Amino acid sequence: MANVLRNSAKFGFSGVLSQLSIHSRHGRECVSPCFSLQQRNNSTSPKIKVDLDSSTGVAVLRMQSPPVNSLSLDFLTEFCINLEKLEMDRSCRGLIITSTLSKVFSAGLDIMEMYGKSPERCGEFWKAVQEMWLKLYGSNMATIAAINGSSPAGGCLMSIGCDYRIMADNPRYSIGLNETQLGIVAPFWFKDTLVNTVGNRAAELSLELGLLYSAPDALKIGLVDQLVPEDQVLSTAQDTMSKWLAVPGQNTLSHWLYRVRTLSLSHTGCTGSEHSPSHWLYRVRTLSLTLAVPGQNTLSHTGCTRSEHSPSHWLYRVRTLSLTLAVPGQNTLSHTGCTGSEYSPSHWLYRVRILSLTLAVPGQNTLPHTGCTGSEHSLSHTGCTGSEHSLSHWLYRVRILSLTLAVPGQNTLPHTGCTGSEHSLSHTGCTGSEHTLPHTGCTGSEYSLSHWLYRVRTLSLTLAVPGQNTLSQYTL
Ligand SMILES: CCCCC/C=C\CCC/C=C/CC(=O)SCCNC(=O)CCNC(=O)[C@H](O)C(C)(C)COP(=O)(O)OP(=O)(O)OC[C@H]1O[C@@H](n2cnc3c(N)ncnc32)[C@H](O)[C@@H]1OP(=O)(O)O
């Protein structure tokens with residue numbers, strides 16, 4: 001193990017990444033995930049065993065790939081195919097993931113896949129990792145991880161991709177995103193999923209230090225939801241699953257609304273159907289990693305010029321910065337308008353972030369400042385076009401807007417400037433009839449207004465990417 005890691009370090013992950021980056025630029029065909037997965041599954045011995053109980057609608061997926069259920073390309077392929085089959089099986093409503101091995105749930109990504117492989121193989125592997133996460137995190141089934149052993153790195157990702165985690169109460173078992181300790185960096189979507197699970201500060205500490213938590217500590221920070229004696233992990237998962245399945249529609253809207261935010265960030269920048277989510281996940285990840293490569297200080301405006309800022313420290317922060325500030329199609333941080341020395345980065349970063357959150361009104365040209373160049377760098381870039389429009393004027397309106405949105409019978413948003421037939425849900429940024437927020441599950445007139453107001457508000461706040469038609473990009 002240690003040898004593998006040492007060799008990986010010697011080989012250089014950034015080298016692998018740059019190769020991958022080139023590969024990505026040349027472009028991969030966007031084929032259906034199902035097709036591509038089936039094509040590349042050459043393994044004969046099953047690494048996954050699935051039992052679906054048709055009386056309960058609950059499937060148990062057992063990982064059985066000794067010695068440690070490491071996530072190789074073959075393993076991931078088999079995992080995804082099984083997941084996809086269950087997803088398409090309408091009788092299956094719940095999924096429990098566990099391991100047949102003693103002491104180990106999953107050791108995470110197979111280190112051997114990250115060492116000495118061709119760029120093509122690396123690309124396939126990485127795509128499979130993304131597909132595993134997308135399928136799990138985006139599943140319509142209720143999902144529970146029955147963690148009956150250690151679950152580092154990718155194993156932890158798999159666990160936090162589920163709705164609920166039950167872990168064996170054994171302090172020798174550990175779980176966490178420990179990549180930093182290995183000299184590599186957890187991709188931003190690993191980070192997002194962790195943040196969604198344990199919150200910002202715990203995730204920050206966890207990622208910067210590459211922490212592995214014992215089962216009791218994992219429970220303390222909320223990384224797992226419940227500890228039970230080892231021999232009761234599966235039975236408790238089954239009991240818990242019946243509670244989840246008793247919640248009406250639990251695996252539809254509420255489930256999705258929460259997850260859509262994370263998934264949509266992953267898609268940012270997607271403008272055409274040729275861009276599959278995994279394609280973008282791959283690119284964005286590469287971008288974020290590349291941005292912080294020492295010696296390539298393209299983020300000089302972030303203030304990152306000193307050697308005392310360790311990569312992991314910066315990668316974590318830079319990722320957050322890019323996600324927060326990046327406007328698709330814009331030259332990321334330069335769109336902050338920070339071109340003169342009078343504007344310190346922190347000054348701008350702070351303001352722009354607040355502005356984006358405060359002023360973004362879907363369908364409006366909320367943040368035209370992204371194209372500001374020169375002396376108009378002022379508060380007028382918030383969308384105010386005349387000097388009479390002060391910031392407080394706008395802040396006031398936007399506040400009113402948010403409040404008004406929730407008043408039954410006023411869903412037309414006339415004050416946003418919308419006039420005519422576009423007074424509808426198209427103000428969310430949807431422009432074509434095909435864009436009916438399919439992922440919300442809402443499809444027709446059976447949904448009352450208050451129902452929609454509530455949903456739209458959440459969606460707008462959640463999904464609005466200024467200047468982009470975010471919802472239309474959502475293809476999952
Ligand atoms: C495509 C290239 C892209 C490059 C991009 C670069 C960076 C991007 C982000 C990378 C993200 C990575 C996420 C990951 O998941 S990295 C993997 C991290 N995993 C770990 O750190 C786990 C390491 N393993 C352990 O801690 C332990 O093995 C254990 C799971 C706790 C089990 O312990 P134990 O029961 O004592 O077993 P052993 O340690 O003796 O191991 C038995 C056997 O298994 C081999 N092995 C263990 N882990 C892995 C692994 N992840 N991949 C492959 N092989 C693994 C270990 O070497 C032993 O083999 P031998 O018996 O042959 O010595």
Side-chain angles (χ1 to χ4, degrees), residues 1-9 11-24 47 63 65-76 79 99-133 147-161 167-168 170-191 193-194 206-207 210-215 278 281-290 292-293 311-312 315-316 319:
M1 180 77 225
N3 271 343
V4 171
L5 291 173
R6 265 196 301 277
N7 284 336
S8 302
F11 185 73
F13 281 101
S14 58
V16 177
L17 276 172
S18 61
Q19 284 178 302
L20 287 174
S21 174
I22 290 162
H23 178 57
S24 167
K47 300 176 190 307
M63 300 182 284
S65 180
V68 289
N69 285 332
S70 61
L71 310 179
S72 62
L73 179 56
D74 284 346
F75 182 102
L76 289 165
F79 185 92
S99 162
T100 58
L101 309 180
S102 67
K103 302 193 294 182
V104 182
F105 180 73
S106 165
L109 304 195
D110 192 311
I111 296 289
M112 295 311 290
E113 293 282 7
M114 293 188 267
Y115 172 64
K117 294 283 192 287
S118 68
E120 289 73 21
R121 170 84 186 196
C122 287
E124 279 296 283
F125 172 64
W126 197 249
K127 196 170 170 214
V129 177
Q130 293 171 354
E131 278 170 7
M132 180 268 285
W133 175 72
I147 310 164
N148 52 344
S150 287
S151 191
C156 177
L157 177 76
M158 188 184 272
S159 306
I160 59 181
M167 190 167 182
N170 185 334
R172 281 178 299 140
Y173 296 162
S174 60
I175 183 168
L177 295 182
N178 60 318
E179 285 82 351
T180 312
Q181 284 289 352
L182 307 177
I184 51 182
V185 174
F188 78 86
W189 38 285
F190 283 45
K191 183 268 292 181
T193 319
L194 185 66
S206 180
L207 290 165
L211 297 178
L212 278 176
Y213 299 86
S214 69
S278 63
L281 282 177
Y282 174 76
R283 291 207 173 178
V284 171
R285 184 187 59 91
T286 306
L287 280 178
S288 345
L289 289 175
T290 312
V293 174
S312 69
L315 281 178
Y316 180 75
R319 264 198 316 248

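Predicted, not measured: the structure shown is a model, and the values here were computed from it. Just so you know, ligand 1 is whichever comes first in the structure, and atom 1 is the first atom listed for that ligand.
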Run the numbers for me: atoms of ligand 1, each under 4.0 Å from some heavy atom of F125, listed by number.
1 (C)

Which heavy-atom pair separates L177 from F190 by the least distance, and what is that distance?
CD1-O, 3.8 Å

Take L71 and V129 through the side chain to side chain contact (heavy atoms under 4.5 Å, CB included) test and state the conclusion after the steps.
CA-CA 8 Å; L71 310 179; V129 177; over 6 Å; no

Are any side-chain N or O atoms of K117 and backbone N or O atoms of M112, one a donor and one an acceptor, separated by less than 3.5 Å?
yes

Do S70 and D110 meet the criterion of a side-chain donor-acceptor pair at a distance under 3.5 Å?
yes

By salt bridge (Lys or Arg N to Asp or Glu O under 4.0 Å), which residues pair with E179, not counting sequence neighbours?
none

Residues at least two apart in sequence or cross-chain that pass side chain to side chain contact (heavy atoms under 4.5 Å, CB included) with S159, listed by chain then number, are F105, A145, I147, S151, R165, I175

Quick one, L73 with R121, criterion side chain to side chain contact (heavy atoms under 4.5 Å, CB included). Give me CA distance, side-chain angles, the key distance, then yes/no.
CA-CA 9 Å; L73 179 56; R121 170 84 186 196; 3.6 Å; yes

Do ligand 1 and F190 have nitrogen or oxygen atoms that lie under 3.5 Å from each other?
no

Sub-3.5 Å N/O-N/O distance, C122 and ligand 1
no

Provide the number and element of each atom of ligand 1 under 4.0 Å from a heavy atom of P67.
43 (C), 44 (O)

Closest heavy-atom approach to atom 41 (O) of ligand 1 among L212, V68, L157 is made by V68

Heavy-atom contacts with V104 under 4.0 Å: which atoms of ligand 1 show up? List them by number with element.
32 (C)

Ligand 1 to G154 polar contact by distance, N or O atoms, under 3.5 Å:
yes

Residue G108 vicinity, atoms of ligand 1 by number, heavy atom under 4.0 Å:
15 (O)

Do any nitrogen or oxygen atoms of N178 come within less than 3.5 Å of a nitrogen or oxygen of ligand 1?
yes

Counting only heavy atoms, tell me which of K117, Q181, M114 gets closest to atom 16 (S) of ligand 1.
M114

Atoms of ligand 1 under 4.0 Å from any heavy atom of P152, numbered from 1 in the order shown, are 22 (C)

Nearest heavy-atom neighbours spanning L212 and S174:
CD1-OG, 4.0 Å

